[in-house]
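When a ligand or atom number is given, it counts from 1 through the structure's own listing order.
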Amino acid sequence: MAWTKQIPANPVVAVAGATGAVGREFLEVLHDLDFPAAEVKALASARSAGKKLPFKGCGQVPAGELVVEEMTPASFEGVDIALFSAGAGVSKEMREAVVAAGAVMIDNSSAFRMEEDVPLVVPEVNPEDVKWHSGVIANPNCSTIQMVVALKPLYDITPIKRVVVSTYQAASGAGAAAMDELYTQTKEFLEGKDLNIDAFAHQIAFNVIPHIDVFMDDDSTKEEWKMVVETKKIMHDDDLAVSATCVRVPVLRCHGESLNVEFEGAITPGQARVALEDAPGVVVMDDTDNKLYPMPGLLAGTNETFVGRLRKDPSVENGLALWVVADQIRKGAALNAVQIAQLLLP
Ligand SMILES: NC(=O)c1ccc[n+]([C@@H]2O[C@H](COP(=O)([O-])OP(=O)(O)OC[C@H]3O[C@@H](n4cnc5c(N)ncnc54)[C@H](OP(=O)(O)O)[C@@H]3O)[C@@H](O)[C@H]2O)c1
């Protein structure tokens, strides 16, 4: 059923999963964008109830500390926008309570992304899709977001037939505990100690792991599947073929992606560069003479999607190759979700 309630100019915002990697970033982004909130509620599990989180303030909420409350179905009474990053299970559990309270859920998990009545939105690509939500809007997978931000300006020149993407995904993509594991394992490795392996299937220190999320029947991973189906949904093109290989690398923050893109019509690297330079949310960082290209280790905390190594891919008739980096906790999660929330404001 289409949603008719208008979000007020100064909404009450709940951050569900506020103590996590994405949740903490939500608080940063709400401040950075000066989101006009009347109130911000920090919600997490019972383990965190009573914890205090520093908050720099936004809208009508002064800087100070937010006291974390245990998330229950009753937490959403009076809430207008619920920013969710507490995992798919929690999102599913809370959906009914959130919608019944009249709040719009903007969900970072994979719980609802492919449901027909749930828009999957990247504001630079398909902002118009927020209009048809019925209480839930999904934030795409982090790897998909930065890819489509870079692809959209190129698609607008000539449609894309096929993309081959290999990702280089940061440890923090698996949450705060996974980021800590990269630190501690690196230290253990350097000290010659036994490695504690918990967050990933194998050691992540001094290693790369071609395995993110679970394996599917066709031997691809669910992360790879997400990139395939989410890209088609966001770009409104079921014929857009995507072949993905997703790899975890020992980087703290920011995913890198190598893209080989095949287009229907002719497109030169020069045309692509101009389109990318003009595109919202994109920064072209591409000057090989000066060894300039985007690198994950140097871009943590940024908002834009960075594109470099732009060149012709001579292996197909109309091909380009490019390298894309974005901070997946910001543009791949918290920032994208708050930008969606901005689209809901009157
Ligand atoms: N990390 C990324 O780059 C990224 C990017 C895009 C999307 N996402 C998605 O965002 C979600 C969160 O990821 P994350 O990386 O922020 O994970 P995280 O660092 O592990 O944080 C998880 C958060 O969920 C809360 N939580 C867990 N179980 C709960 C429960 N039963 N009830 C209430 N709260 C509960 C935790 O609270 P406690 O501290 O109290 O346990 C914590 O605040 C996941 O769905 C993930 O797929 C993550």
Proximal ligand 1 atoms for [X], defined as those under 4.0 Å from one of its heavy atoms:
X	answer
Gln328	3 (O), 5 (C)
Ser48	38 (P), 39 (O), 40 (O)
Ser45	29 (C), 30 (C), 32 (N), 33 (C), 34 (N), 35 (C), 37 (O), 38 (P), 40 (O), 41 (O)
Ala333	5 (C), 6 (C)
Ser109	45 (O)
Thr19	36 (C), 37 (O), 38 (P), 39 (O), 40 (O), 42 (C), 43 (O)
Ser172	1 (N), 2 (C), 3 (O)

### Query
Among the clusters formed by ILVMFWY side chains lying less than 4.5 Å apart, do Leu259 and Val316 turn up in the same one?
no

[X] versus ligand 1: do any nitrogen or oxygen atoms come within less than 3.5 Å of each other?
X	answer
Gly23	no
Ala176	yes
Met71	no

Min over Ala174, Gly20, Gly175, Ala171 of heavy-atom distance to atom 15 (O) of ligand 1 lands on Gly175

The option among Asp107, Val90, Val22 carrying the non-hydrogen atom nearest to atom 48 (C) of ligand 1 is Val22

In terms of side-chain heavy atoms, does [X] have a donor or acceptor partner in [Y] at a distance below 3.5 Å?
X	Y	result
Glu223	Thr221	no
Tyr155	Asp237	yes
His133	Asp117	no

Self-check item: Centroid-centroid distance, Phe189 to Tyr183, less than 6.0 Å
Solution: no

From the list Ser143, Ser110, Cys246, side chain to side chain contact (heavy atoms under 4.5 Å, CB included) partner of Lys226 resolves to Ser110

Of Val284, Asp286, Val324, the one forming a side chain to side chain contact (heavy atoms under 4.5 Å, CB included) with Leu310 is Asp286

Fill in: Any non-hydrogen protein atom less than 4.0 Å away from atom 46 (C) of ligand 1
no

task: Answer yes or no for atom 3 (O) of ligand 1: protein heavy atom present at a distance under 4.0 Å?
output: yes

Discussion item. Just to check, does Gly332 reach to within less than 4.0 Å of ligand 1 when the distance is taken from its heavy atoms?
Written reply: yes

If you have a sec, work out which protein heavy atom is nearest [atom] and how many Å separate them, to one decimal?
atom	result
atom 27 (C) of ligand 1	Arg47 NH2, 3.8 Å
atom 24 (O) of ligand 1	Ala86 CA, 3.2 Å
atom 7 (C) of ligand 1	Asn108 O, 3.6 Å
atom 22 (C) of ligand 1	Ser85 O, 4.1 Å

Problem set entry | Steps toward ring pair (Phe, Tyr, Trp, His ring centres under 6.0 Å) verdict (Phe35, His31) | CA-CA 7 Å; Phe35 193 79; His31 167 77; over 10 Å; no

Minimal heavy-atom distance between Val125 and Val148, with the atoms involved, is CG2-O, 3.6 Å

Quick look: Ser110 vs ligand 1, heavy-atom contacts under 4.0 Å, and the answer is neither

Atom pairs and distances, side-chain donor-acceptor, residues 199-207, under 3.5 Å, sequence neighbours left out:
| residue | atom | partner | partner atom | Å |
| --- | --- | --- | --- | --- |
| Gln203 | NE2 | Ala205 | O | 2.8 |
| Asn207 | ND2 | Gln203 | O | 2.9 |

Decide side chain to side chain contact (heavy atoms under 4.5 Å, CB included) for Asp313 and Val261; before the verdict, give the C-alpha distance in whole Å, the side-chain angles of both, and the deciding distance to 0.1 Å. CA-CA 8 Å; Asp313 175 351; Val261 190; over 6 Å; no

Between side-chain atoms of residues 50-61 and protein atoms elsewhere (two or more places apart, or another chain), which donor-acceptor pairs fall under 3.5 Å?
| residue | atom | partner | partner atom | Å |
| --- | --- | --- | --- | --- |
| Lys56 | NZ | Glu28 | OE1 | 2.6 |
| Gln60 | NE2 | Asn10 | OD1 | 3.4 |

